[in-house]
Amino acid sequence: MSVLRAAFAVLLVASAPILLAVPASAQLERTTDRGADEGEGPFERLIIRGANLVDGSGAPMVGPVDIVIEGNRIVDVQTVGSAGVPIDPAGRPQGATREIDAHGHYVLPGLIDVHAHLGDPEKAPQSEYVHKLFLGHGITTVRGVELGLGDFFWGMEEKERSARNEIVAPRLFQCIKNPDQVPGWDDPHLMTPEAGRAWVRFAAEHDADCLKLGRYSQGMMSPPVMQAILDEARELGLGTTAHLHQNGVAEMNAVEMARAGLVGLTHFYGLFESMYDGYDIQPFPNDYNYADEQDRFGYVAEQWHLIHERGSPGWNELIQEFLENDFYLNPTLTTYESARDVMRNRNADWHDTYTLPSMWDFYTPSRTAHGSFWFDWTTAREVAWRNYYRRWMEFVQDYKNAGGKVTAGADAGYLYNLFGFTYIRELELLQEAGFHPLEVVRAATMHAAEELVHASGEPIEFGLVRPGYLADLLIVEENPLHNFKVLYGTGHVRLNDDTDEVERVGGVKYTIKDGIVYDAKQLMADVAEMVREQKVERGMDPDAPLPRY
């Protein structure tokens with residue numbers, strides 16, 4: 001199937017709200033200015049002392065090391081001794097204006113979420129709430145595939161204020177979604193290749209970092225227009241990401257998008273359709289209705305047995321085509337995990353303390369809220385999804401093993417998935433897929449950074465802990481390679497054999513973004529207070545759990 005055969009294609013995010021109508025005037029609140037007590041630095045010379053370092057490249061951990069940061073740049077990473085031996089102070093970096101004692105702690109590059117939202121006025125109206133959940137989990141960079149619910153200028157303001165560190169927020173990359181998203185553009189349909197190219201130039205002139213092209217309610221993008229847009233984006237160095245909606249993959253699947261020049265695929269849509277064995281289109285029931293979200297998310301998992309077997313020529317040919325096109329996979333495994341075990345996600349440890357009641361309202365079964373399709377979710381549905389995950393994970397693992405780039409993204413804010421927490425769950429799921437923990441960290445740091453700058457051709461400036469790179473790091477007291485659960489804001493539950501008491505350990509201790517040191521636990525406490533305040537505003541007991549029906 002050629003690229004030009006496609007009737008439409010979608011470069012967008014799986015959880016973009018397509019059923020929930022939000023008034024055009026609705027908008028997220030402007031993030032409050034960073035307070036004098038929020039974050040320390042940047043410093044003239046910050047030295048992190050005695051840490052165990054996982055640098056993000058896939059290299060094994062090394063320690064103890066001293067990491068020297070001047071302003072917002074790492075200037076030195078120096079091994080200062082041997083493991084298990086007291087450190088000789090002679091020869092260690094000197095001249096610190098601020099030190100962090102990280103002896104026995106673990107340092108990683110700041111984590112990167114390449115598929116993020118900042119909530120919306122209905123469910124998470126305070127962008128500060130989302131920003132702090134990200135930073136509280138060591139996430140220092142996010143690609144906003146829909147910052148500010150489609151208000152491009154609002155998202156650009158957040159991006160610029162974050163770059164100046166005027167707000168407590170991760171580093172932001174801003175995708176532009178709709179042709180009518182930026183005031184001043186008056187052609188929402190993009191009916192010709194010339195119009196498509198002009199729109200890409202318009203996006204570049206407004207400093208967008210990337211594109212989410214797609215099929216909109218105003219009309220459908222034709223294949224020649226799609227190709228023209230991808231060509232122009234490549235020429236101008238704009239990134240592209242794709243979610244191929246189920247009502248479009250019959251005519252353009254993932255491999256065709258890779259051939260057309262797409263940088264990377266988010267989610268799985270179009271992936272299974274690229275390796276059907278005996279089918280050309282989705283063989284869904286005749287009464288399937290894409291506008292019924294239980295149909296939309298229920299039947300997609302029924303494809304698990306329709307594809308070529310692992311290791312077969314059809315399977316391996318797709319991997320080879322992706323490799324030849326230097327294609328990125330951003331699976332967002334966590335996004336759909338509720339579909340394979342809804343009770344697990346609904347009853348996660350963090351909801352009662354960190355989930356806003358307004359978020360909880362959105363998660364509950366609804367015919368109009370996107371992703372809240374728990375009308376009558378059955379064991380059979382979950383079994384199909386578990387089978388689907390098995391095949392999906394096998395492909396992601398095989399692609400990584402063949403040299404393909406896999407990155408980490410969460411698409412939080414839907415299906416009981418909460419910002420920050422869900423991203424850490426993505427790391428666990430990549431490990432479940434077969435990734436070594438070092439490969440998981442590489443996907444979440446170096447490879448994610450490479451995807452963000454791939455189209456520009458520029459070298460990465462973050463995603464690794466090395467001299468010359470931006471000072472984006474996290475510090476945690478427990479070893480995340482041993483157990484990613486220690487990165488959760490709620491920590492990890494274990495039995496203390498010395499006291500015979502159950503305790504919670506872990507949680508990120510410090511998140512450093514642009515050389516500014518944030519107390520990650522205080523950020524999480526700030527989020528918990530926002531949740532309590534909303535409960536009080538609603539007349540709820542602030543200490544009461546959220547309703548579980």
Side-chain angles (χ1 to χ4, degrees), residues 22 24-42 72 110-113 115-177 181-182 206-209 354-359 362 410-413 418-423 470 472 489 508 511-534 537:
V22 177
S25 60
Q27 188 49 266
L28 288 166
E29 296 177 13
R30 188 175 190 270
T31 304
T32 56
D33 290 340
R34 181 164 68 100
D37 60 343
E38 293 186 300
E40 298 180 85
N72 71 339
L111 304 174
I112 302 168
D113 188 338
H115 189 138
H117 302 269
L118 293 186
D120 66 48
E122 180 181 9
K123 53 187 177 180
Q126 296 171 291
S127 52
E128 179 181 356
Y129 168 80
V130 181
H131 290 320
K132 288 186 173 181
L133 280 169
F134 283 140
L135 287 173
H137 286 88
I139 300 166
T140 56
T141 300
V142 304
R143 178 173 63 182
V145 291
E146 194 177 1
L147 293 180
L149 196 67
D151 186 322
F152 180 77
F153 286 134
W154 185 95
M156 288 302 296
E157 182 185 18
E158 289 286 289
K159 171 186 170 180
E160 291 160 5
R161 294 177 70 207
S162 174
R164 295 190 296 266
N165 293 306
E166 295 173 357
I167 58 176
V168 178
R171 194 179 309 280
L172 300 175
F173 280 65
Q174 164 83 309
C175 283
I176 185 170
K177 177 187 176 185
Q181 189 173 359
V182 180
H206 285 81
D207 297 322
D209 297 300
Y354 297 107
T355 298
L356 288 169
S358 52
M359 288 287 304
F362 188 90
D411 188 19
L418 188 60
F419 310 97
F421 291 99
T422 295
Y423 182 90
L470 291 168
D472 291 1
V508 175
T511 298
I512 302 175
K513 178 248 179 174
D514 232 12
I516 298 173
V517 181
Y518 291 99
D519 180 336
K521 296 183 186 298
Q522 181 59 53
L523 293 174
M524 296 303 297
D526 292 348
V527 171
E529 182 59 28
M530 292 180 204
V531 173
R532 287 180 61 85
E533 288 175 359
Q534 192 182 88
E537 289 171 3

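Note that the numbering runs from 1 along the sequence shown for the chain.
Although no hydrogens or angles enter the test, the distance criterion places no donor-acceptor pair under 3.5 Å between the side chain of D472 and the main chain of G110. In terms of modelled atom types and a separation under 3.5 Å, the side chain of K123 and the main chain of G413 share a donor-acceptor contact. T511 places a side-chain N or O within donor-acceptor distance of the main-chain N or O of L135, the cut-off being under 3.5 Å. Put simply, the side chain of K513 gets close to the backbone of S162: a donor and an acceptor are under 3.5 Å apart.
Side-chain contact between V145 and H115 is present, with at least one heavy-atom pair separated by less than 4.5 Å. Residues V531 and M359 are not in side-chain contact: their nearest non-hydrogen atoms beyond the backbone lie 4.5 Å or more apart. You'll find the side chain of F362 stays beyond 4.5 Å of the side chain of L356, heavy atoms only. In this structure, V142 and Y423 have side chains that are not in contact, with every pair of non-hydrogen atoms separated by 4.5 Å or more.
Here the OH-CZ distance, from Y129 to F419, works out to 7.0 Å after rounding to the nearest 0.5 Å. Atom-to-atom distance recorded for E157:CD and I167:CD1 is 8.5 Å, nearest 0.5 angstrom. How far NZ of K159 is from CZ of F173: 7.0 Å, rounded to the nearest 0.5 Å. Taking CD1 from I512 and CG from N72, the interatomic distance works out to 12.0 Å, rounded to the nearest 0.5 Å. Atom CD of residue E537 and atom OG of residue S358 lie 9.5 Å apart, to the nearest 0.5 angstrom. To the nearest 0.5 Å, atoms CD (Q174) and NE2 (H206) are separated by 12.0 Å.
Nearest heavy-atom pair across G489 and F421 is N-CE2, 3.6 Å. For the pair H117 and V130, the tightest heavy-atom approach, listed with the atom from each and the gap, is O-CG1, 3.8 Å. The two residues A520 and V508 have their closest heavy-atom pair at CB-O, 3.2 Å. Residues I176 and A208 share a closest heavy-atom pair of CG2-CB, 4.0 Å. L111 and H137 make their closest contact through CD1-O, 3.6 Å (heavy atoms, listed as atom of the first residue, atom of the second, distance). In plain terms, the two heavy atoms of P125 and P121 that are nearest each other are CB-O, 3.7 Å.
Screening E166, E38, E128 for a side chain to side chain donor-acceptor pair (under 3.5 Å) involving T32 leaves a single residue, E128.
Applying the side chain to side chain donor-acceptor pair (under 3.5 Å) definition to pairs two or more places apart or across chains, those involving residues 516-525 are Q522-D526.
Note on R171 versus D514: salt bridge recorded, some NZ/NE/NH1/NH2 to OD/OE distance being below 4.0 Å.
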